[in-house]
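Notes follow the structure.
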Amino acid sequence: MRFLDSLATLGVRRAVLTASDGLVIESVGSGAPPAELLAAELASLRRSMQRLAEGLGGGIRRFTLATEECEVLVVVVGEYCLGAVVERGGDRRAVGAELSRLANRLFEQL
């Protein structure tokens, strides 16, 4: 079983695991955005927000980006980002909980 397969069963449009370089380590789902674009942008957003988080006296742990049609939920574990695109009306709570579970699993493996 692949690492992100459990997110596919929750109906996410696309999910990725990426490191700080923005390259796709693993992805599930289909459609827009392509996994490579999502991974690169999540890594870039994480780097940008890290500077703000440090200015606030901490590190970035999670963030959400919302558009009219979907939300992108992201959990940060060290140098890695787990991100999932959820369609409007999708079960954000279940996806967020699964991202957190996967982040804990990733943290244990590091």
Side-chain angles (χ1 to χ4, degrees):
M1 181 172 175
R2 295 175 352 137
F3 191 73
L4 300 177
D5 282 347
S6 58
L7 289 168
T9 63
L10 295 174
V12 299
R13 179 193 296 180
R14 170 83 66 196
V16 295
L17 169 61
T18 185
S20 60
D21 60 8
L23 297 176
V24 176
I25 296 170
E26 184 179 337
S27 71
V28 295
S30 61
E36 294 78 13
L37 175 62
L38 181 59
E41 293 299 333
L42 293 182
S44 177
L45 286 168
R46 182 204 165 278
R47 283 190 300 273
S48 295
M49 289 192 290
Q50 183 62 34
R51 291 188 289 272
L52 174 60
E54 289 170 358
L56 295 170
I60 188 92
R61 295 182 60 186
R62 68 179 65 232
F63 59 93
T64 303
L65 171 71
T67 71
E68 293 85 10
E69 298 300 321
C70 60
E71 290 192 50
V72 182
L73 309 174
V74 183
V75 176
V76 176
V77 181
E79 293 298 312
Y80 298 92
C81 288
L82 289 159
V85 178
V86 181
E87 296 284 340
R88 193 166 127 197
D91 192 350
R92 289 182 58 246
R93 180 174 285 182
V95 172
E98 184 60 15
L99 283 171
S100 293
R101 189 188 73 75
L102 290 172
N104 286 335
R105 187 172 148 204
L106 179 61
F107 180 76
E108 291 170 359
Q109 292 178 2
L110 294 179

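Please read all numbers here as calculations on a predicted model, not as lab measurements.
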Please determine whether side chain to side chain contact (heavy atoms under 4.5 Å, CB included) holds for the pair S48 and L45, giving the CA-CA distance in whole Å, both sets of side-chain angles, and the decisive distance to 0.1 Å.
CA-CA 5 Å; S48 295; L45 286 168; 5.6 Å; no

Quick check: is L82 connected to M49 through a chain of hydrophobic side chains (ILVMFWY, heavy atoms under 4.5 Å apart)?
no

L37 reachable from V24 in the ILVMFWY side-chain graph, under 4.5 Å edges:
no

Would you call R101 and E98 a salt bridge, taking side-chain N to carboxylate O under 4.0 Å as the test?
yes

Pair L73-V86, side chain to side chain contact (heavy atoms under 4.5 Å, CB included): steps then yes or no
CA-CA 8 Å; L73 309 174; V86 181; 4.0 Å; yes

[X] and [Y]: which non-hydrogen atoms are nearest, and at how many Å?
X: L42; Y: G83; result: CD1-CA, 3.8 Å
X: V72; Y: V85; result: CG2-CG2, 4.1 Å
X: S20; Y: A43; result: O-CB, 3.7 Å
X: V77; Y: A103; result: CG2-CB, 3.4 Å
X: V76; Y: G78; result: CG1-O, 3.7 Å
X: L10; Y: A94; result: CD1-O, 3.7 Å

Using the salt bridge (charged side-chain N to carboxylate O under 4.0 Å, His left out) criterion, which residues pair with R61? Sequence neighbours excluded.
none

With sequence neighbours excluded, residues passing salt bridge (charged side-chain N to carboxylate O under 4.0 Å, His left out) with E54
none

Distance-only criterion, 3.5 Å: show the donor-acceptor pairs between side-chain atoms of residues 26-34 and protein atoms not counting sequence neighbours.
from: E26; atom 1: OE1; to: F3; atom 2: N; distance (Å): 3.2
from: E26; atom 1: OE2; to: F3; atom 2: N; distance (Å): 3.0
from: E26; atom 1: OE2; to: L4; atom 2: N; distance (Å): 2.9

Compare all side-chain heavy atoms of V75 with those of L102 and state whether any distance is below 4.5 angstrom.
no

In the structure I gave you, are the side-chain heavy atoms of L99 and V95 within less than 4.5 Å of one another anywhere?
yes

Could you go through V74 and L65, starting from their C-alpha distance and side-chain angles, then the distance that decides it, and tell me whether this counts as side chain to side chain contact (heavy atoms under 4.5 Å, CB included)?
CA-CA 9 Å; V74 183; L65 171 71; over 6 Å; no

Taking the side chain from Q50 and the backbone from I60, do they hold a donor-acceptor pair closer than 3.5 Å?
yes

Value rounded to 0.5 Å, distance of [atom1] in [X] from [atom2] in [Y]:
X: R88; Y: E71; atom1: CZ; atom2: CD; answer: 10.5 Å
X: I25; Y: L17; atom1: CD1; atom2: CG; answer: 4.0 Å
X: D21; Y: R47; atom1: CG; atom2: CZ; answer: 8.5 Å
X: E79; Y: T18; atom1: CD; atom2: OG1; answer: 10.5 Å

If you draw a 6.0 Å radius around CZ in F63, do more than 12 non-hydrogen atoms from other residues or ligands fall strictly inside?
yes

